[in-house]
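Numbers for residues simply follow the sequence, beginning at 1. In what follows, every heavy atom counts, from backbone to side chain, and hydrogens, waters and symmetry copies are set aside. None of these values were measured; they are calculated from a predicted model.
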Amino acid sequence: MTKAILRYMVKYQASRMDRTFSALADPTRRAVLLRLKEKPGLSVSELARPFSLKLPGMMKHLDVLSDAGLIKRSKTGRTVSVHLSVRPMREAMEWLKRYERLWTVSLDRLVALVEEDGEL
């Protein structure tokens with residue numbers, strides 16, 4: 001008689017860093033962040049205007065960005081304004097900087113290889 005091995009799925013909770021990178025993976029959300037950088041405090045409807053999204057679709061993107069801590073929303077009367085929140089982006093940049101040396105060395109090797117190949 002063989003024993004069945006059961007593997008239980010560990011309940012996964014994404015870290016803030018995971019949520020940040022997941023939010024940044026979508027081009028629409030990156031475009032929203034860029035618009036907010038250029039024009040802070042836009043309303044949700046102003047944010048949605050240049051995209052081919054209806055308001056509920058934009059709200060879903062904003063929920064993801066908010067969950068990642070990348071934006072803050074504030075309500076004045078019936079208008080919801082959206083602002084960037086830089087802390088999660090700074091944390092992501094600090095994490096990426098730890099690995100910068102690895103790709104810098106690889107790029108330096110690639111440049112040397114191309115230059116060497118050009119001399120032949």
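No donor-acceptor distance shorter than 3.5 angstrom exists from the side chain of R29 to the backbone of L62, with no hydrogens or angles considered.
To the nearest 0.5 angstrom, L84 atom CG is 11.5 Å from K72 atom NZ. How far CE of M89 is from CG of L96: 10.5 Å, rounded to the nearest 0.5 Å.
Taking every heavy atom of both residues into account, T28 and D26 meet most closely at N-OD2, 2.9 Å. When all heavy atoms of I71 and S66 are compared, the pair lying nearest together is CG1-N, 3.6 Å. Residues A68 and A23 share a closest heavy-atom pair of CB-CB, 4.0 Å.
Residues M93 and M17 fall within the same hydrophobic cluster, defined by Ile, Leu, Val, Met, Phe, Trp and Tyr side chains chained together at heavy-atom separations under 4.5 Å. Residues L55 and V82 fall within the same hydrophobic cluster, defined by Ile, Leu, Val, Met, Phe, Trp and Tyr side chains chained together at heavy-atom separations under 4.5 Å.
If you chain together ILVMFWY residues whose side-chain heavy atoms come under 4.5 Å of each other, V64 ends up in a group of its own. V111 shares a hydrophobic cluster with no other residue; no ILVMFWY side chain has heavy atoms under 4.5 Å from its own.
Taking D63 as the reference, R73 meet the side-chain contact (heavy atoms from CB on, under 4.5 Å) condition, with sequence neighbours excluded. Among residues two or more places apart in sequence or in another chain, the side-chain contact (heavy atoms from CB on, under 4.5 Å) test is passed with S22 by none. Residues passing the salt bridge (charged side-chain N to carboxylate O under 4.0 Å, His left out) test with D67 are R19, sequence neighbours excluded.
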Would you tabulate the side-chain donor-acceptor contacts of residues 31-54 under 3.5 Å, counting partners in other chains and residues two or more places apart, or write 'none'?
residue: R35; atom: NH1; partner: E46; partner atom: O; Å: 2.9
residue: R35; atom: NH1; partner: L47; partner atom: O; Å: 3.4
residue: S43; atom: OG; partner: S45; partner atom: OG; Å: 3.2
residue: S43; atom: OG; partner: E46; partner atom: N; Å: 3.1
residue: S43; atom: OG; partner: E46; partner atom: OE1; Å: 3.2
residue: E46; atom: OE1; partner: S43; partner atom: N; Å: 2.8

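Pairs passing the salt bridge (charged side-chain N to carboxylate O under 4.0 Å, His left out) check and including a residue from residues 75-84, sequence neighbours excluded, do not occur. Within the structure, every pair that satisfies the ring-ring contact (aromatic ring centres under 6.0 Å, His included) test and touches residues 15-39, not counting sequence neighbours, is listed here: F21-W95. Residue pairs meeting the salt bridge (charged side-chain N to carboxylate O under 4.0 Å, His left out) criterion with at least one member in residues 80-98, sequence neighbours excluded, are R16-E91, R87-E91.
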